[in-house]
2 protein chains.
Amino acid sequence: MPKVGMEPVRRKALVDAAMRVIGDHGSLTVTMSEIAKQAGVSPALAHHYFGSKEQLLIETVRHHLQRLRDSTVTAMRAAKTPREKLSAVIHVSFHADQFTPETIAAWLAFYAEAQRSEETRRFLVIYARRLRSNLLANLKALCPGEDAERIAEGAAAMIDGLYIRQSLRSAPISIEASIALTEDYINSLLAPLSAEAAVQRTET
Amino acid sequence: MPKVGMEPVRRKALVDAAMRVIGDHGSLTVTMSEIAKQAGVSPALAHHYFGSKEQLLIETVRHHLQRLRDSTVTAMRAAKTPREKLSAVIHVSFHADQFTPETIAAWLAFYAEAQRSEETRRFLVIYARRLRSNLLANLKALCPGEDAERIAEGAAAMIDGLYIRQSLRSAPISIEASIALTEDYINSLLAPLSAEAAVQRTET
DNA sequence: TATTTTTGATTGACTGATCAATCAATAAAA
DNA sequence: TTTTATTGATTGATCAGTCAATCAAAAATA
């Protein structure tokens, strides 16, 4: 069976398996055996390729964030105006992929893990900054910089908060409602500022 | 040494110890030994009084939520108008007690745990509902019911989101800024509705 | 009051299970 | 033959949970 060049195949299979196991386990307290079994290989092979459980888990977080980033870039490219780009960022954050119970569980587990693993924390900080900065960049085109900072901060918090609330599955809000709530927030805070911003836009 | 009536003393000591250990450990992956040591008793005693690690952890969540609830009730009593009560709820959510790194870490750990422990999940659902309903009750006095629901949902999400973002300690927002952001949200959404609400209030 | 009995508090030592990590051995391609 | 892929078996550590034994206060008894 041993064909050459299995390494990338196995790595991907193991990372995907880890994601699935973490997802329906709802926690990072998963065993290498479970992950390996899910990937259809022996636990020893997982160690062979990743060196340690922690490394495998870190690769899993990285891969997860990479996918989210790719989606965001694509969605923002497709949008034309700053306001449309803003909506694109929100939509991606609530895209079905990222919003399934398993994925939400995985995110929560990552957040909890970040309290212990410096590397996991770094990844999540990058995510948080990226979300904020994607919002900020487009908001700056719509209102004064200081207001943009505030609104970006608030919108990012709201997005993350809707996530965490979704995880409890109590009175679950639909994806559309979550998006509407966030859009509503931005619109409402933007409304009294739009006149000034319009002036600013013509000036730059 | 064995004086009678130690049970309540030990239970409290162990729950407090658990909270501290979870806090600086940043996770619910703590051992009974650590907790017992922190409480100054033997691991066996912790088992004696709580039966299992899970039970001790559940009591810890319960105690934590109880304290938050008490603070909220007190703060709301002190406030007069609905708008003031609204601010009171927000202030309690961001009160220094609840906003220290250790406490935030504990909350995150609880959220992650809720994916596995049905009882923990139930407690958090109660918290989420209570927050939402405290906001909702007072908002209903300030705007039409449907709008109140939306705004309550959004404000609750924002509060939780600010929490989770705080946990990453990247570009940490101050407590005051977090409060301001939430108040700002409510004010902005309320502004265009206040006229109608005033009419409704006189009608009822 | 003095003595014995009972009861609650407490622990050290132990058990069984779980798991990450290691390693030597095997099998197939190059 | 050399290299890469792969695994079964094993080790060592960590823990939750158990248990029998100890100790001292309180209650009962003489």
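Note that these values count all heavy atoms, side chains included, but never hydrogens, waters or copies made by symmetry. A, B, ... follow the sequence lines: proteins, then strands. Residue 1 opens every chain.
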B/Thr103 and B/Asp97, any side-chain heavy atoms less than 4.5 Å apart:
no

Atom NE2 of A/His25 and atom C1' of C/dT18 are separated, to the nearest Å, by 12 Å

Contact class for A/Val9 (heavy atom, under 4.0 Å): base, sugar-phosphate, or nothing?
nothing

Ignoring the backbone of B/Tyr49, work out which of D/dA16, D/dT6, C/dT10 is nearest its side chain.
C/dT10

Would you check if there is a donor-acceptor pair between the side chains of A/Ser71 and A/Thr74 at a distance under 3.5 Å?
no

Considering only heavy atoms from C-beta outward, does the side chain of A/Asn138 approach that of A/Glu84 to under 4.5 Å?
no

Atom CE of B/Met6 and atom P of C/dT11 are separated, to the nearest Å, by 10 Å

Angle, rounded to 10°, between the helical axes spanning five pairs at each terminus of the helix from C/dT1-D/dA30 to C/dA30-D/dT1?
10°

State which of D/dG17, C/dT11, C/dA20 makes the closest approach to the side chain of B/Lys53.
D/dG17

Ring of B/Phe50, cation from B/Arg11 - is the NZ or CZ under 6.0 Å from the centre and inside 45° of the axis?
yes

Minimum-distance nucleotide to A/His47 side chain [options: D/dT7, C/dT10, C/dT22]
C/dT22

Starting from P on C/dA13, measure out to CE on B/Met32 and report it in whole angstrom.
20 Å

Which pairs would a plain distance check flag for residues 161-168 of chain B, meaning a side-chain donor or acceptor within less than 3.5 Å of a matching protein atom at least two apart in sequence or in another chain?
| residue | atom | partner | partner atom | Å |
| --- | --- | --- | --- | --- |
| B/Tyr163 | OH | B/Gln98 | O | 2.2 |
| B/Arg165 | NE | A/Asp160 | OD2 | 2.8 |
| B/Arg165 | NH2 | A/Ala128 | O | 3.3 |
| B/Gln166 | NE2 | B/Ile173 | O | 3.1 |
| B/Ser167 | OG | B/Ile164 | O | 2.5 |

Return the set of residues passing ring pair (Phe, Tyr, Trp, His ring centres under 6.0 Å) with A/Tyr127 (not counting sequence neighbours), or none when no residue passes.
A/Trp107

If I take atom CG in residue B/Leu28 and atom C1' in nucleotide D/dC15, what distance separates them, rounded to the nearest angstrom?
16 Å

When rounded to whole Å, the CZ to P distance for the pair A/Arg11 and D/dT6 reads 13 Å

Of the nucleotides C/dT10, D/dG8, D/dC19, which has the atom closest to the A/Ala44 side chain?
D/dG8

Write down the distance between CD (A/Glu54) and C1' (C/dA21), rounded to a whole number of angstrom.
14 Å

Can you see if the side chain of A/Arg10 gets near the phosphate of D/dT6 - specifically, an N or O under 4.0 Å from OP1 or OP2?
yes

Rounded to whole angstroms, how far apart are CD1 on A/Ile35 and P on C/dA20?
8 Å

CG of A/Leu45 versus P of C/dA21: gap in Å, rounded?
15 Å

Touch check for B/Ser42, heavy atoms < 4.0 angstrom, all strands: base, sugar-phosphate only, or nothing?
base

Would you say the side-chain atoms of A/Asn187 and A/Arg83 include a donor-acceptor pair closer than 3.5 Å?
yes

